[in-house]
Amino acid sequence: MQAVNQNNAATDDSAELKLPSDDQATQHKFDGKTVGHPLSDNPKMSMRNVNVFYGEKQAIFNVDLDIAQNQVIAMIGPSGCGKSTFLRCLNRMNDTIESCSVTGEFILDKQDIYHPKQDIVPLRARVGMVFQKPNPFPKSIYENVAYGPKIHGLASRRAELDEIVEVSLRKAGLWEEVKDRLHSPGTGLSGGQQQRLCIARSIAVSPEVILMDEPCSALDPIATAKIEELIAELKENFTIAIVTHSMQQAARVSDRTAYFHLGKLVEVNDTKRVFTNPEHDLTEAYITGRFG
Amino acid sequence: MKQSSNNSTLDKVNQSLARRYRAEKRFKAYGIAAILFGITCLIVLFTDIIGKGHSAFFQTYVYLEVTMDSEQLYINDPSDPQQIAAADYQGVIKAALRERFPEASSRRDRRALYALVSNGAGFKLRGQLEADPTLLNQTIGLWMLVDDDVDTYYKSRGEDGESGFDGRLNEKQIGWVESFIADGYMESRFNTTFFTSGDSREPEQAGILGAMAGSLFTLLVTILLSFPIGVAAAVYLEEYAPRNRFTEFIEININNLAAVPSIIFGLLGLSIFIGFFEMHRSIPLVGGLVLTLMTLPTIIISSRAAMKAVPPSIRDAAYGLGASKMQVVIHHVIPLAMPGMLTGAIIGIAQALGETAPLLMIGMVAFVVDIPGGVTDPATALPVQIFLWSDSPERAFVERTSAAIMVLLAVLISMNTLAVWLRKRLERRW
Amino acid sequence: MDTSMLLVVGLLMIAVAYFAGRTRSISLASGVGGVKNLNSLPFYYGALTALWCGIPSFILLAIWLIFDDFFIAQIIVQTLPDHVKDMSDAELGLLMDTVANVAQNSTMGLSTEPHILQAAERLSALQQTNQMAMTVAFLSAGIILMLAAWLKIHTSMRARVHVELAFKWVLLGCACIAIFTTIGIVLSVLFESLKFFQAVPFTDFVFGMEWSPQMAIRSDQVGGSGAFGAIPLFAGTMLISMIAMLIAVPAGLMAAIYLAEYAHPKVRNIIKPVLEVLAGVPTVVYGFFAALTVAPFLRDSGAIIGLDVSSESALAAGLVMGVMIIPFVSSLSDDVITAVPQSLRDGSFGLGATQSETIKKVVIPAALPGIVGGVLLAVSRAIGETMIVVMAAGLAAHLTANPLESVTTVTVQIVKLLVGDQEFNSPKTLSAFALGLMLFTVTLILNFIALQVVKKYREQYE
């Protein structure tokens, strides 16, 4: 788990940044050092020296980042910057991609999640995930939410399971809308409802961290607003990492913001700081809409 | 300058236009002709077989009044079931025939006369007597099976009694048959024998039940083995297998086996299952094993296609909740792919049902009269029965062969329709 | 207990193991605060116990069943009188069959020779002991392993990981059956063929011009007559396949082109399944059709115009086989034609080409590798087709190129040589396997090339 020739790779790649014009490129030189405060005093998860490869191609370069307890951290950046890849490393979803290899240190509560003996099943029970496109199982609403508790043996009686389902749906703000049709298919809901169902499904396992990969990109503004409200409420009980391509969304929901650029972590700061007074030129260029 | 060159191009195009459109029409006509040719072949095939076979669903019966003479039957104790079973029923039938046509006196004539009634008619008489022993020494009227030659003659003769196919019947026999017909003692009925008995050397007594049972047991073995194994192999290749040489080797093997001639699988069965494992010949178990190996590639390939169609987002969702690989496969992938896998399996099994050559190799061509009762009883299969009958010279077997083909095709078409229906009805569109 | 009973008891034992393991894990869980504190769900503990109980004991049973007859036979042979032991293998085999028959029907006095009766008695006794021993070994193995697994269950046992691993290996095993089948085919035809080539030289077989295996009934005649020359069979196979391809390729290809390029989707949706019915008709039906309808028709119409057409002419078999292969060619071609990107067609249309010109000059050349692959697969299918030729082609091997004469094929001869009573190990029987080897090799090469060509073609447009 060693970092791969840190400085060389960084400087070589910065020359290849695809920027609108040459003179801008000279302004936005990036030396590979993350500016701001990537580390935290109270980390739930801390990542060090993270490098990710797809076959020969490197997708993430030397990222150090802490995700603080009961905080929402937003990851932003232009498409293809590696923010989703990084997020999927946090509960080892990248294991399902054969050509993907991950190096670096991933610590969740003092436990190395990439340790060879680490079982991914309990890991994913602790670090849940909500995906870009709502992906309810083609089963009933009830079965969707009950699936996680069932496979992890969280409920020993039917009543217990019913309670978990209700609580999760309530937390996801979906209970009132679906309580009368719990046994109709989850795929029959609207897009926003489906996504909240997926969030309820993740909550039902009571994870400690919830990873959200552009959870609103397939939704209309009203549904998006509901999900954003929901994230604000969930913050009390869960640690949340959210990837988003919408800067407004990052500004609205997150406490801290991490800006990724071509596989590198450029800046991490309080959200307010990032959007009002970014420390790095690249971040400024991005949030002011000069590229993205 | 530019204008004129444009004009000359246009002229040239216009000159060749008619020729080009003719070529277009010709080409299109070839395509239509090819399709019409295929459809014509199909129609000729089906009309030919239905035309030959429909008459086999009817069978000619003759009405005879038979005296159950205990002396003639050699029964002295009607309460003894063994005596009733072994009695000479053919004798009383012969007596009844003699009585009706006393003019047949020479040995040769009598033999010709006896040949009119099927030698299976005695069994019917026995059945009657076994059911009701009081019939002994009484005269009863019975409709009995006629011999296949008479059956063929009766079916092929016109209303006026002319131009019947006489085949092996001689003048006198035809006279007797016509006399029965004139008295209204001969009629055609639905041929239940065809569906309720096993094979026989006598066409009028031959049926497809034995072959159907043989096919059923063979397919049972095939379904029970090939579906689970095929799905398991597909799950491995689609969900588990790493991309390496070994996996590629398995895939090449499967694709090649799908195109290996079926008779080769018969050779495999003959030398491995019968030669090496010393299983018995002619049994549905071995037939089923051979057909399993033959059907597996089809099932694996279609199951993989069905699993490929399950969107990765469903797998992601389950993995994201902490489901293990086995849980993802068993809870999500297999149930969602099931309609597609079933469709593939039904098509594969339908192929296996029509398969003949490998079964010939493992000896399922024996002449089996008894209806098989299990997977280890000697049996034949429906297509093999068709093959066996098609070799028989009797004209009555030709119609029975065609009828057996009609039954086989009906089963196959319903299986394929079921598969199509399943696909349309249950397959989820993502 | 007899074997089928043993299987049922074995399955019961596995069920018991499952419930025992499951129950124990649940009761252990109550000590640590519920099922959620177990390492795995109770199901996995049950499954693990069942696997430990079932797999080794069933493997033991299978091995036992494969080898027990052999060992019992060895023991019986050892105790036979010396003059019997010196007999040839074949005679000894016959004698052992008699012994087995006597042992089975002890009431029927099949044999009177004392040593056979003795051996039969010993055989029955041994078989009984064997059955007993097998029952005891099977059940005790199952029960001991079940208990061992049951006792090992504890709350932090990684039952799920173990079960998942076993599941994966079972799946891998199923996938490997394809490999075993290929190996089985190769071994079975190769092994018998090698025996055949010891009697008849390989060159005589492959280059011999005369085929009449019926001559070599007596063992002293083997090989000497040179009656195992397979050239006429290869020629007959090629003749019939060629006739079939002359029908199937143009008709199938044109039908596919029409359906893919011209036909309205509605028409296509009706015509395609109708044509595919032709592919679903069993070959035995085509054989019947060829032998009883097409062949007599050709003979009679030949007679009208003064041609002497054999009633088992290659033409009849070839024509019907061609019809059978039409849907095969058309569906394979249809796949490759629809895979040709629309942009190629648009490019051609944009220059003002007519549809047929576009098809002939652009679509077909682009799809050619795929079409060739499909045709190769169809050829391999024609070569391996059995029932049509068995029923409609001849038996005697004539070396001729005249489609109106009767020829025979490789598959016909395999069927004729192996159907019915046969003695194993006579060159006549073995020659069928040699023919099988040829058939397998040729079709394998054709399939392999075809599949590679089609694969390359697909990758090109993906």
Side-chain angles (χ1 to χ4, degrees), chain B residues 20-21 23-24 27-28 30-35 37-39 41-42 45 48-49 229 232-233 235-237 240 249-250 253-257 259-264 267-268 270-272 293 296-297 324-326 350 354-357 360-361 365 383 386-387 390 398 401 405 408-409 412 416, chain C residues 160 164 167-168 170-172 174-179 181-182 184-185 188-189 192 250-251 254-255 257-258 262 271 274-275 277-278 280-285 288-289 291-293 323 326 354-357 377 380 384-387 391 411 414-415 418-419 433 436 439-440 443-444 447-448 451:
Chain B
R20 285 171 65 190
Y21 278 129
E24 171 77 27
F27 191 72
K28 211 169 157 180
Y30 293 150
I32 294 175
I35 287 170
F37 175 68
I39 292 175
C41 288
L42 191 67
L45 179 71
D48 181 52
I49 284 172
I229 294 178
V235 167
Y236 179 77
L237 292 172
Y240 282 84
F249 183 59
I250 296 180
N253 263 296
I254 290 171
N255 289 332
N256 274 319
L257 283 179
V260 164
S262 59
I263 191 170
I264 299 285
L267 289 178
L268 167 83
L270 178 61
S271 66
I272 303 281
L293 295 182
L296 262 181
S324 66
K325 199 147 202 168
M326 185 171 144
E355 205 47 73
T356 320
L360 299 185
M361 296 289 95
V365 278
I386 291 167
F387 170 65
S390 74
V398 173
T401 313
I405 289 176
L408 178 63
L409 287 177
L412 287 178
N416 282 302
Chain C
R160 179 174 47 73
E164 300 240 342
F167 183 68
K168 183 179 163 180
V170 169
L171 295 183
L172 176 61
C174 290
C176 285
I177 285 180
I179 296 180
T181 309
T182 310
I185 288 175
S188 59
V189 291
E192 312 279 337
M254 283 313 295
I257 289 172
Y258 186 81
Y262 286 101
I271 300 286
V274 169
L275 279 184
V277 171
L278 277 177
V281 173
T283 54
V284 68
V285 177
F288 177 76
F289 182 62
L292 272 90
T293 305
V323 171
I326 289 175
T354 65
Q355 196 158 7
S356 65
E357 284 163 349
L377 280 178
S380 129
E385 172 46 42
T386 309
M387 292 320 292
M391 294 166 84
T411 47
I414 295 177
V415 169
L418 289 181
V419 167
F433 286 92
L439 181 63
F440 179 66
T443 51
L444 188 71
N447 296 340
F448 189 75
L451 290 173

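All values below were derived from every heavy atom in this structure, side-chain atoms included, with hydrogens, water molecules and symmetry-related copies excluded. Chain naming here is simple, since letters A, B, ... match the order of the sequence lines and numbering starts at 1 in each.
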Per-residue contact mode, [X] against chain B (heavy atom under 4.5 angstrom):
| X | answer |
| --- | --- |
| C/Thr443 | side chain |
| C/Phe448 | both |
| C/Phe440 | both |
| C/Leu377 | side chain |
| C/Leu444 | both |
| C/Val274 | both |

Can you tell which part of [X] gets under 4.5 Å to a heavy atom of chain C, answering side chain, backbone, both or neither?
| X | value |
| --- | --- |
| B/Asn256 | both |
| B/Leu296 | side chain |
| B/Leu412 | side chain |
| B/Ala259 | both |
| B/Ile49 | side chain |
| B/Leu267 | both |
| B/Tyr240 | side chain |
| B/Phe37 | side chain |
| B/Leu257 | side chain |

Heaviest contributor of heavy-atom pairs below 4.5 Å to chain B, chosen from C/Leu451, C/Ile257, C/Ile326, is C/Leu451
Identify the heavy atoms of C/Met391 and C/Ala291 that sit nearest to each other, and give their distance.
O-CB, 3.4 Å
Could you go step by step and tell me if C/Thr283 and C/Thr386 meet the side chain to side chain contact (heavy atoms under 4.5 Å, CB included) rule?
CA-CA 8 Å; C/Thr283 54; C/Thr386 309; over 6 Å; no
From B/Leu270, B/Leu360, B/Ile263, residue fulfilling side chain to side chain contact (heavy atoms under 4.5 Å, CB included) relative to C/Leu418
B/Leu270
